[in-house]
Amino acid sequence: LVEVIEDSLPKEAERIDLQPLEAYESQALIQSILGVVDARAVDIAREAEGSPFFVAELARHAQRSAVPVSLHDLMTDRLDRLKPQMRILLEVVATATRPLPVAVALQAARSIREDIGEKQLVWLEQDGMVTVRGAGVQCTHDRIREATTAAMHHQTLRQRHLAIAEKLAERDAEPGLLAHHFHGGGDRVRALEAALLAGESAESQFAFGQAAEAWRLCLEVAPPDHPDRATWLVAMARALVAAGKVEGVDAMMAAVAIAETGEARQLHREAVVHMVRVGLLDRAYSELPSVMKSVGAGWPSSSVGAVAELAWQAIRGYFPVFKKALSDADRERLDFYSELGSSLSPFDWIRGTILSGRAAIVAGRGSDPYWAVYSKAIQGANLAASDRYDLADRYLSEAEVACEEAPDSLPVLALGLAANHAYHCRWSQCHDWTARGREAIEAGMRFRFTSHTLRIFEMGSLAQMARYA
C-alpha cells in the first residue's frame, strides 16, 4: 500500500524537512509571495510561528483578500472546502494524535464511508495536510490536528475514536493505545479491559509513568461501585511514586485514607519517603511523628535529642547484643529506616544518619551473617560521616570479615566503604566501590535499599573526580 501511495506521487518529488523559519526568513518568503513587506507581513509571521507552510498559506490569503485572518480561521476555511471523503480521512488521522498505520487509517475511514481510498490520502499529502512516513501517517503540523479536532462535534469525535479502536483491535495493538481510543469512543467496558492490560504490561516493563496513566483510566471508566477501585488507586499511587512524580504524594495519601489498617500504615510510610525524595520536607516532617509511632519509635524533633541519639548510636557497638532471627516487624522497621534514612541524608544529614543507624541497630540483632555485615557497614559509614574515623575503620574491617561468610552482602559493604572513602575525599576509591556495589546488585545479590544511596555516591565521586582531573 505504501508503495502504491509513493508511486502516485510525482516521480521527481523530493521530501525536505524544514525547520522553523527565522524572522528574516519568514519576511523573505512573504515578500516572494506578496511582492512587498508591509504591516501584513508582521502579522503573518507572528501568526505562523515560523512554519513555512503556514507562512505561505497566510500570505496567499493576503493576496486574495484585504481582510486579515487568523490561522485558526484559515484552517477552518480549508477544512470546510475539503471533499467529505478527504475530511473524514483527515479527522481519523487527527484523532489518532500520533502516527497511525496507513492501513489502519484507511480501514477506519472506510468503516465510516466506503468510497474512501488511497487517492484521498495522496491528495491530503499533496495539499500539505498530512505526512506519510514509512507505513505511518500523521498531521503535518500540530495546528492542523488541533484545528481539525476542534471543528469536530463531540459525537463525530467519538465515532472517529471508535473506528480507530476497532481496527487497531483487529491488529492486537498495544493495550494502552486501545484503551485511549475505546475511552474516546465511549466504550467504557472495552476501555477498562484494555486499560487493565496496559497497566500490567507497563509495570512489567518498568514503564511506571504509562502504568500510572493506565490505572488512572481504570478509575475513570469503571463504575463507582467496582470492587477493584481501591486496588487500582494503590497501583496508580505506587506507579506515580516509582516514576518520581510529585503527584504521587497526593495519590498515595488518598490510598492511605481508604486502605485497611495494616496496608494503610505501609502506604503512609511509602508516602513519607516519597515526600522526602521530591523535596516536600515540611510535609514529610509533619507526617513523620505519626509514621514513627506506627513502627514503635519516636522522631527526634529537637536538635538536642538528635545529637544525643547520634552519640548513643556511636557507643552502642561496645555493648553485647543478643542475636535472634529477625521477625517480620523487625524487617518492616529495618526497611523503613533504611529507605527513609538514605532518602533524607542529602537534605538533613543528622536525621538521615540517625535513621540509618537505627536500621543498623535492628540489623545487628539478626543471627544471619548478612545482618552482621549490614549493621557494621552502615554504622561504619555513619561514624565516618561524624569524623570518628578510627572507630569507623574498626566497624568496616569487621564488616569485611563478616562478608566472607555472607558474600551476598557485598552491595551493603560496598556502600559503607564507598561512604567512608567519600568522607576521606578519596574519590577514585569511592567510585570503585560504588561500581562494585552496582555490579553485585545487577548480579542478583541482596541490597536492602542500598541501590539509591550507591547511585548518589557514584554521581558525587564522578563529579569530584572531574573537578580535580
Side-chain angles (χ1 to χ4, degrees), residues 266 269-270 273 295-297 312-345 352-386 388 391-423 429-458:
Q266 177 59 33
R269 293 169 201 150
E270 293 177 31
V273 171
V295 295
W312 165 243
Q313 288 183 3
I315 64 173
R316 198 178 188 283
Y318 291 106
F319 299 95
V321 177
F322 176 72
K323 299 287 186 179
K324 64 173 185 175
L326 294 183
S327 66
D328 291 341
D330 289 331
R331 290 171 180 268
E332 189 176 273
R333 282 195 296 274
L334 190 152
D335 288 349
F336 177 59
Y337 291 152
S338 298
E339 191 169 15
L340 182 59
S342 65
S343 299
L344 190 58
S345 291
T353 301
I354 286 172
L355 290 166
S356 297
R358 288 182 181 181
I361 290 170
V362 174
R365 301 177 188 139
S367 55
D368 185 336
Y370 173 87
W371 297 121
V373 179
Y374 189 102
S375 177
K376 297 295 184 182
I378 296 303
Q379 289 185 79
N382 286 351
L383 288 164
S386 305
R388 304 285 297 278
L391 193 54
D393 288 342
R394 175 194 141 189
Y395 275 93
L396 291 168
S397 295
E398 292 174 358
E400 287 189 84
V401 172
C403 186
E404 295 176 4
E405 296 183 46
D408 62 344
S409 64
L410 180 57
V412 73
L413 174 64
L415 173 60
L417 291 170
N420 185 44
H421 286 305
Y423 296 133
Q429 294 96 318
C430 174
H431 181 262
D432 290 344
W433 274 106
T434 61
R436 288 186 63 179
R438 278 195 304 102
E439 289 169 3
I441 291 172
E442 290 167 3
M445 294 186 185
R446 299 158 76 180
F447 60 94
R448 309 301 296 183
F449 301 109
T450 57
S451 180
H452 175 71
T453 314
L454 271 173
R455 186 62 176 162
I456 292 174
F457 279 111
E458 181 181 31

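The figures here come from the full heavy-atom set of this structure, side chains too, leaving out hydrogens, waters and symmetry mates.
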Engineer: Enter the distance from Asn382:CG to Leu355:CG here, rounded to the nearest 0.5 Å.
Structural biologist: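 Nearest 0.5 Å value for the CG-CG distance: 10.0 Å.
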
Engineer: Would you give the length of the straight line joining atom OG of Ser356 to atom CD1 of Ile361, rounded to the nearest 0.5 angstrom?
Structural biologist: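 One gets 11.0 Å once the value is rounded to the nearest 0.5 Å.
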
Engineer: What residues, two or more places apart in sequence or in another chain, satisfy salt bridge (Lys or Arg N to Asp or Glu O under 4.0 Å) together with Asp393?
Structural biologist: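 In terms of salt bridge (Lys or Arg N to Asp or Glu O under 4.0 Å), with neighbours along the sequence ignored, Asp393 is linked to no residue.
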
Engineer: Keeping the roles fixed (side chain from Ser375, backbone from Trp371), state whether a donor-acceptor pair exists under 3.5 Å.
Structural biologist: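 Here the side-chain-to-backbone pair does not exist.
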
Engineer: Determine whether Ile378 and Leu415 make a side-chain contact, defined as any pair of heavy atoms from C-beta on separated by less than 4.5 Å.
Structural biologist: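 Of all side-chain heavy-atom pairs linking Leu415 with Ile378, at least one is under 4.5 Å.
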
Engineer: Are the side chain of Ser338 and the backbone of Asp335 linked by a donor-acceptor contact shorter than 3.5 Å?
Structural biologist: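 Here the side-chain-to-backbone pair does not exist.
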
Engineer: Using the rule given for side-chain contact (heavy atoms from CB on, under 4.5 Å), can you reason through Leu383 versus Arg394, listing the C-alpha separation, both sets of side-chain angles and the distance that settles it, and then say yes or no?
Structural biologist: CA-CA 10 Å; Leu383 288 164; Arg394 175 194 141 189; over 6 Å; no

Engineer: Between Trp433 and Asn420, is the side-chain contact (heavy atoms from CB on, under 4.5 Å) condition met? List the steps.
Structural biologist: CA-CA 10 Å; Trp433 274 106; Asn420 185 44; over 6 Å; no

Engineer: If you measure from OH on Tyr395 to CD on Gln379, what distance do you get to the nearest 0.5 Å?
Structural biologist: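 So the OH of Tyr395 and the CD of Gln379 are separated by 4.5 Å.
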
Engineer: Using every non-hydrogen atom in the two residues, find where Gly437 and Ala414 come nearest and quote the distance to one decimal.
Structural biologist: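 Nearest heavy atoms, Gly437 then Ala414: CA-CB, 3.6 Å.
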
Engineer: Got a salt bridge between Arg333 and Asp330, using NZ or NE/NH1/NH2 to carboxylate O under 4.0 Å?
Structural biologist: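 Answer for the salt bridge query: yes.
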
Engineer: Can you measure from OG1 (Thr434) to NE2 (His431) and round to the nearest 0.5 angstrom?
Structural biologist: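 It is 5.0 Å, given to the nearest 0.5 Å.
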
Engineer: How close do Ala325 and Ser367 get, counting heavy atoms only, and between which atoms?
Structural biologist: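 Nearest heavy atoms, Ala325 then Ser367: N-OG, 3.7 Å.
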
Engineer: Is any side-chain heavy atom of Asp368 less than 4.5 Å from a side-chain heavy atom of Leu326?
Structural biologist: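 When only atoms from C-beta onward are counted, Leu326 and Asp368 do not touch, as no gap falls below 4.5 Å.
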
Engineer: Would you name the heavy atoms of Leu410 and Ala440 that are closest together and state the gap between them?
Structural biologist: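 Where Leu410 meets Ala440 most closely, the heavy atoms are CD2-CB, 4.0 Å.
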
Engineer: Looking at Ala419 and Ala381, what are the two nearest heavy atoms and their distance?
Structural biologist: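 In this case the closest contact between Ala419 and Ala381 is CB-CB, 3.8 Å.
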
Engineer: So which atom in Ser343 and which in Val273 form the shortest heavy-atom distance, rounded to 0.1 Å?
Structural biologist: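 Heavy-atom minimum between the residues: OG-CG1, 3.8 Å.
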
Engineer: Which heavy atom in His421 sits nearest to a heavy atom in Cys430, and how many Å separate them?
Structural biologist: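 So the minimum-distance heavy-atom pair works out to CB-N, 3.7 Å.
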
Engineer: Taking the side chain as everything from C-beta on, heavy atoms only, tell me whether Val401 gets closer than 4.5 Å to Glu398.
Structural biologist: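 Counting from C-beta outward, Val401 and Glu398 never come under 4.5 Å.
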
Engineer: When you compare the side chain of Glu400 with that of Leu417, does any pair of heavy atoms fall below 4.5 Å?
Structural biologist: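 Leu417 reaches Glu400 side chain to side chain.
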
Engineer: Just say parallel, tilted or perpendicular for the rings of Tyr374 and Tyr370, cut-offs at 30° and 60°.
Structural biologist: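 Tyr374 and Tyr370: tilted rings.
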
